[in-house]
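All remarks here apply to the structure that follows.
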Amino acid sequence: MKPAASLTLVGAGRMGSALLHGWLKGPEREISVIEPSPRPEIRALAEEGRIQLNPAPSESSIIVLAVKPQQFAAVSEQAKAFVGPKSVAISIMAGVRLAQLSRRLGTERVIRSMPNTPGAIGQGVTVFTAPEGAKRTDLSAARELLAPLGEVHGPVDEAMMSAVTALSGSGPAYIFLLAEVMAEAGVAQGLPRDLALSLARRTVEGAAALMGESGDSPEALRKAVTSPGGTTQAALDILMDTGGMPALFRNALSAAANRDRQLSQEAD
Ligand SMILES: NC(=O)C1=CN([C@@H]2O[C@H](COP(=O)(O)OP(=O)(O)OC[C@H]3O[C@@H](n4cnc5c(N)ncnc54)[C@H](OP(=O)(O)O)[C@@H]3O)[C@@H](O)[C@H]2O)C=CC1
Ligand SMILES: O=C(O)[C@@H]1CCC=N1
């Protein structure tokens with residue numbers, strides 16, 4: 001009989017696919033994917049024999065839950081068929097608490113994590129939490145699984161997960177928005193759209209790479225661009241003014257964290 005798949009991914013949508021790409025670049029492992037409407041790229045991976053798509057249920061060492069939080073209650077019935085005494089279940093779902101995972105999956109061996117989409121290219125950051133007294137082997141299974149996606153922090157107190165989700169889980173969207181709105185502002189200054197988008201993209205990419213390589217603080221790097229009385233200062237006077245980026249981001253992260261808490265209530 002075929003040995004149980006070492007890893008079963010339940011839900012290969014936007015984030016599940018990103019995780020899968022991260023894992024496929026990491027150490028070789030047997031991966032099954034449960035997905036009712038697989039994207040063409042997921043079908044192609046199955047045809048190439050790199051994953052098994054929708055296999056019959058059997059106990060899996062690791063089950064990763066990557067469906068929408070709103071789908072979890074229904075999906076948990078199906079996912080339970082992959083959970084056995086030797087399994088650890090790792091959720092990436094926003095809002096779904098450890099206790100809810102345990103109850104619906106019928107196991108204490110659960111991990112709640114929050115990755116982000118740059119994990120698809122090994123440049124992500126993930127934070128995870130685990131029940132008190134979690135087995136060390138479950139914590140190391142989580143770290144090992146999440147490592148190919150980038151930096152891993154945890155276990156942290158579960159109470160931090162809403163803020164983590166608001167900052168790094170949703171965070172890539174804020175950066176993409178920044179590139180979008182910078183490009184639009186360039187167009188408003190008279191630049192052709194293609195050039196404005198290209199300048200905005202390269203500026204965001206280059207600034208992120210510089211921050212990564214230099215190791216300097218974002219504040220130091222910002223100050224290095226800002227000549228006293230110059231053009232950057234004129235822009236920052238607006239961006240950092242009352243109601244500017246600091247206040248906007250406080251409000252935005254607060255809304256995201258509150259939504260995470262609401263999702264927890266809806267998952268009951
Ligand atoms: N997107 C992101 O940046 C991040 C997302 N997350 C979390 O990841 C999770 C997934 O988000 P995201 O990828 O954006 O959402 P998607 O809707 O893109 O992905 C969810 C996938 O699960 C599928 N699905 C539905 N029912 C089942 C089932 N019974 N069995 C298996 N798969 C099923 C969905 O199919 P169908 O579309 O047909 O319903 C869909 O393809 C969420 O819980 C989110 O909170 C966490 C970190 C970052
Ligand atoms: O938007 C969401 O709800 C998910 C969680 C973090 C990123 N995407």
Side-chain angles (χ1 to χ4, degrees), residues 5 7-23 31-43 45-46 51-57 60 63-83 89-98 100-101 104-105 110-129 142 145-146 148-154 160-177 252-267:
L7 172 59
T8 299
L9 171 67
V10 183
R14 287 165 301 181
M15 193 60 204
S17 302
L19 296 176
L20 188 57
H21 286 107
W23 294 325
I31 301 177
S32 296
V33 173
I34 312 303
E35 168 59 61
S37 33
R39 300 161 167 220
E41 89 225 37
I42 301 291
R43 283 189 196 283
L45 288 171
I51 60 163
Q52 291 186 66
L53 187 55
N54 297 322
S60 180
I63 298 98
V64 178
L65 293 142
V67 295
K68 292 184 196 79
Q70 297 88 337
Q71 293 168 326
F72 175 55
V75 170
S76 60
E77 287 307 311
Q78 198 187 350
K80 258 203 258 194
F82 293 86
V83 177
I90 303 181
S91 162
I92 67 155
M93 294 176 290
V96 182
R97 292 192 302 268
L98 288 166
Q100 293 165 323
L101 290 168
R104 292 209 182 268
L105 296 172
V110 291
I111 302 276
R112 173 180 172 188
S113 70
M114 182 45 58
N116 62 9
T117 50
I121 56 159
Q123 298 284 322
V125 61
T126 307
V127 179
F128 75 93
T129 184
L145 183 82
L146 300 167
L149 312 176
E151 214 172 277
V152 181
H153 297 268
M160 290 186 196
M161 292 305 284
S162 298
V164 164
T165 302
L167 178 53
S168 55
S170 299
Y174 316 150
I175 306 303
F176 301 133
L177 174 65
L253 264 70
S254 165
N258 285 339
R259 180 63 190 137
D260 186 80
R261 292 183 198 105
Q262 261 173 18
L263 286 168
S264 299
Q265 283 163 10
E266 290 167 20

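Atoms within each ligand, like the ligands themselves, are counted from 1 in listed order. Keep in mind the model is a prediction, meaning the values are calculated, not measured.
Considering OG of S168 and NE2 of H153, their distance stands at 8.0 Å, rounded to 0.5 Å. The OG1 atom of T126 sits 5.0 Å away from the CG atom of L146 when rounded to the nearest 0.5 Å. Interatomic distance, CE of M160 versus CG of L167, reported as 12.5 Å (0.5 Å rounding). A distance of 12.0 Å separates CZ of R104 from CG of L65, quoted to the nearest 0.5 Å. The distance from atom OG of S91 to atom CZ of R97, rounded to the nearest 0.5 Å, is 12.5 Å. Atom OG of S170 sits about 7.5 Å away from atom CE of M114, to the nearest 0.5 Å.
Ranking protein heavy atoms by distance to atom 2 (C) of ligand 2, first place goes to S170 OG, 4.8 Å. Among protein heavy atoms, the minimum distance from atom 17 (O) of ligand 1 is reached at K68 NZ, 2.8 Å. Closest to atom 33 (C) of ligand 1, if we only count protein heavy atoms, is P36 CD, 3.3 Å. For atom 15 (O) of ligand 1, the nearest non-hydrogen atom of the protein is R14 NH2, 3.6 Å. Closest to atom 7 (C) of ligand 2 among all protein heavy atoms lies G169 O, 3.4 Å. Counting only heavy atoms of the protein, atom 10 (C) of ligand 1 lies nearest to A66 O, 3.2 Å. Ranking protein heavy atoms by distance to atom 43 (O) of ligand 1, first place goes to V67 O, 2.6 Å. Atom 46 (C) of ligand 1 has I92 O, 3.3 Å as its closest protein atom, hydrogens excluded (heavy atom only). Protein heavy atom in closest approach to atom 38 (O) of ligand 1: S37 OG, 2.6 Å.
Contact check for I42 versus S17: side-chain heavy atoms found under the 4.5 Å cut-off. In this structure, the side chains of W23 and V64 come closer than 4.5 Å at one or more pairs of heavy atoms. P115 is listed as a side-chain neighbour of M15, based on a closest heavy-atom distance under 4.5 Å. At least one side-chain heavy atom of L101 sits under 4.5 Å from a side-chain heavy atom of M93.
Ligand-side atoms of ligand 1 in range of V10: 30 (N), 31 (C), range being under 4.0 angstrom from any heavy atom. Less than 4.0 angstrom separates some heavy atom of G13 from each of these atoms of ligand 1: 13 (O), 18 (O), 19 (O), 21 (C), 41 (O). Counting atoms of ligand 1 from 1 in the listed order, those under 4.0 Å from a heavy atom of A94 are 43 (O), 45 (O). Near P115, the atoms of ligand 1 lying under 4.0 angstrom from a non-hydrogen atom of the residue are 47 (C), 48 (C). Ligand 1 places these atoms under 4.0 Å from at least one heavy atom of T117: 3 (O). Every atom of ligand 1 with a heavy atom of I34 under 4.0 Å away is listed here by number and element: 31 (C), 32 (N). With ligand atoms numbered from 1 in the order given, ligand 1 contributes 46 (C), 47 (C) to contacts under 4.0 Å with heavy atoms of M114. Applying the 4.0 Å criterion to heavy atoms of G11 picks out, from ligand 1, the atoms 22 (O), 31 (C), 32 (N).
Within a 4.0 Å radius of atom 4 (C) of ligand 2, the protein has no heavy atom.
The heavy atom nearest to atom 30 (N) of ligand 1, considering only Q78, E77, Q71, is found in Q78. If you check each of Q70, E35, M15 against atom 2 (C) of ligand 1, the one with the closest non-hydrogen atom is M15.
With sequence neighbours excluded, no residue forms a ring pair (Phe, Tyr, Trp, His ring centres under 6.0 Å) with F176.
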Table please: side-chain donor-acceptor pairs of residues 70-82 below 3.5 Å, with sequence neighbours left out.
residue	atom	partner	partner atom	Å
Q71	OE1	K68	N	2.9
S76	OG	F72	O	3.3
S76	OG	A73	O	2.7

